[in-house]
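Data block below; observations after.
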Amino acid sequence: MKPQLSPSVLSANFARLQEDIKNAEKGGADRFHLDVMDGHFVPNISFGPMIVRTMKTITRLPLDVHLMISDPDKYIPEFVSAGAEFVIPHIEAPYDIYRSVQLIVELGAKAGVALNPGTPIERVEPLLDKIDMVIIMSVCPGFGGQKFQPQALKRVKVLRSMLDRLKPAVHIAVDGGVKRENIAEIHASGADILLAGSAVFETQDVEKTVRELKHLVEKP
Ligand code: DX5
Ligand code: ZN
């Protein structure tokens, strides 16, 4: 699958959000990743549907909403109507994930699921008829700027071979600690959506950084 670079807006400078997003677009960003955290499912609080609506006024690129919240069903309708292309709750939380992905699809968005580093890959299988993306977390979710956990590479390979057998069109995204040094290897292991927060936005020149990151995963 063609690699896509998806900057994670959590690391953007919110005082100049529009500028950061436009620069990422100019550099060739393919989509944007929005981390929603409730201070309960993860220890951090970020933002809600308002930022998705704001992003919609800045860019036409697809917006993927990564839900790190304990009660996704309560908020899924709002994120869909705010304009999310993908809504991606976590597979681990204490609710019926099948019901959540069904709700997302019924509301007309695309569904994905995110897996924490310790969650068995096989748990994805029963959901495959409803989902079109899996996020493999390569850090414990909650904060940007953490160190990439290399076990994620093996997990991506296992998932890719499961998907090749059962539903090859499902995207694999890797989230956490994606940098210049590891992005090519992550792509080579089978991930087609490369998420990067601090590597993109904590740089002087966002446009140039995005262009360089994309170059590292695009074949000549
Ligand atoms: C972490 C979030 C990530 C985060 C990635 O819980 O899900 O999307 O923004 O940030 P970096 O790329 O800095 O690790
Ligand atoms: Zn995320």
Side-chain angles (χ1 to χ4, degrees), residues 3-14 17 20-21 24 27 29-49 51-52 55 61-70 72 75-76 79 84-93 100 104 110-119 131 133-153 155-156 171-187 191-204 206 209-210 212-214 216-217:
Q4 298 186 51
L5 189 77
S6 181
S8 176
V9 175
L10 188 67
S11 293
N13 181 337
F14 280 76
L17 183 62
D20 269 2
I21 298 309
D30 296 282
R31 50 203 310 120
F32 287 101
H33 180 85
L34 294 150
D35 287 307
V36 177
M37 305 174 180
D38 66 354
H40 186 260
F41 183 72
V42 288
N44 196 8
I45 297 179
S46 60
F47 47 72
I51 294 291
V52 181
M55 284 289 293
L61 289 177
L63 305 178
D64 303 328
V65 175
H66 177 192
L67 291 181
M68 287 159 273
I69 63 178
S70 295
Y75 300 98
I76 282 166
F79 283 105
E85 171 162 313
F86 268 93
V87 181
I88 307 140
H90 265 263
I91 211 166
E92 299 88 4
S100 306
I104 295 164
K110 293 180 186 166
V113 288
L115 269 72
N116 282 337
T119 301
I131 60 172
M133 188 192 295
V134 178
I135 296 181
I136 296 290
M137 294 305 302
S138 37
V139 297
C140 288
F143 299 92
Q146 301 182 75
K147 197 174 169 313
F148 180 79
Q149 298 181 7
Q151 317 87 277
L153 295 171
R155 289 165 57 73
V156 169
H171 298 285
I172 301 181
V174 168
D175 191 8
V178 176
K179 307 274 172 207
R180 248 170 240 269
E181 304 79 68
N182 57 19
I183 195 166
E185 194 182 8
I186 295 167
H187 174 51
D192 62 300
I193 298 183
L194 293 313
L195 298 172
S198 48
V200 166
F201 291 114
E202 286 172 21
T203 51
Q204 291 299 324
V206 169
T209 304
V210 170
E212 287 169 359
L213 288 172
K214 277 204 78 170
L216 288 168
V217 290

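When a ligand or atom number is given, it counts from 1 through the structure's own listing order. Computed from heavy atoms alone, side chains included, the values below leave out hydrogens, waters and symmetry copies.
- Among protein heavy atoms, atom 11 (P) of ligand 1 sits closest to Gly145 N, 3.6 Å.
- Atoms CD1 and CG, from Ile51 and Leu10 in turn, are 11.0 Å apart once rounded to the nearest 0.5 Å.
- The protein atom (non-hydrogen) at minimum distance from atom 1 (C) of ligand 1 is Phe143 O, 3.5 Å.
- Proximity of Leu34 to Phe47: side-chain heavy atoms (C-beta onward) are separated by under 4.5 Å at one or more points.
- From His40, atom NE2 reaches atom CD1 of Ile69 across 11.5 Å, with rounding to the nearest 0.5 Å.
- The residue from Asp175, Val42, Val174 that puts a heavy atom closest to atom 8 (O) of ligand 1 is Asp175.
- Listed by number with element, the atoms of ligand 1 under 4.0 angstrom from any heavy atom of Ala196 are 12 (O).
- Residue Gly142 has at least one nitrogen or oxygen atom sitting less than 3.5 Å from a nitrogen or oxygen atom of ligand 1, judged on distance alone.
- Considering just the N/O/S atoms of Asp35, the one nearest the Zn ion (ligand 2) carries the name OD1.
- For ligand 1, the atoms closer than 4.0 angstrom to any heavy atom of His66 are 7 (O).
- Counting heavy atoms closer than 4.0 Å to ligand 1, residue Ser8 contributes side-chain atoms (C-beta onward) but none from N, CA, C or O.
- Not one N or O of Ser11 is nearer than 3.5 Å to an N or O of ligand 1, by distance alone.
- The shortest contact between atom 10 (O) of ligand 1 and any protein heavy atom is with Gly144 CA, 3.5 Å.
- The ligand atoms of ligand 1 that sit less than 4.0 angstrom from a heavy atom of His33 are 8 (O).
- Numbered from 1 in the order shown, with element, the atoms of ligand 1 that lie under 4.0 Å from a heavy atom of Leu10 read 9 (O).
- Look at Glu202 and you'll find every heavy atom at least 4.0 Å from all atoms of ligand 1.
- Take the Zn ion (ligand 2) as the corner point: the lines to ND1 of His66 and to OD2 of Asp175 open at 90°, to the nearest 10 degrees.
- If you number the atoms of ligand 1 from 1 as listed, the ones under 4.0 Å from a heavy atom of Pro141 come out as 6 (O).
- Relative orientation of the Phe86 and His171 rings is perpendicular, given thresholds of 30° and 60° on the angle between their planes.
- Asp35 and His33 share a side-chain donor-acceptor pair at under 3.5 Å.
- Residue, atom and distance of the protein heavy atom nearest to atom 12 (O) of ligand 1 are Gly197 N, 2.8 Å.
- Every atom of ligand 1 with a heavy atom of Ser198 under 4.0 Å away is listed here by number and element: 11 (P), 12 (O), 13 (O).
- Listed by number with element, the atoms of ligand 1 under 4.0 Å from a non-hydrogen atom of Gly176 are 14 (O).
- Closest to atom 14 (O) of ligand 1, if we only count protein heavy atoms, is Gly177 N, 2.8 Å.
- Between Val174 and Phe148 there is a side-chain heavy-atom pair separated by less than 4.5 Å.
- Taking a cut-off of under 4.0 Å to the non-hydrogen atoms of Met137, the atoms of ligand 1 that pass are 7 (O).
- The shortest contact between atom 4 (C) of ligand 1 and any protein heavy atom is with Asp35 OD2, 3.6 Å.
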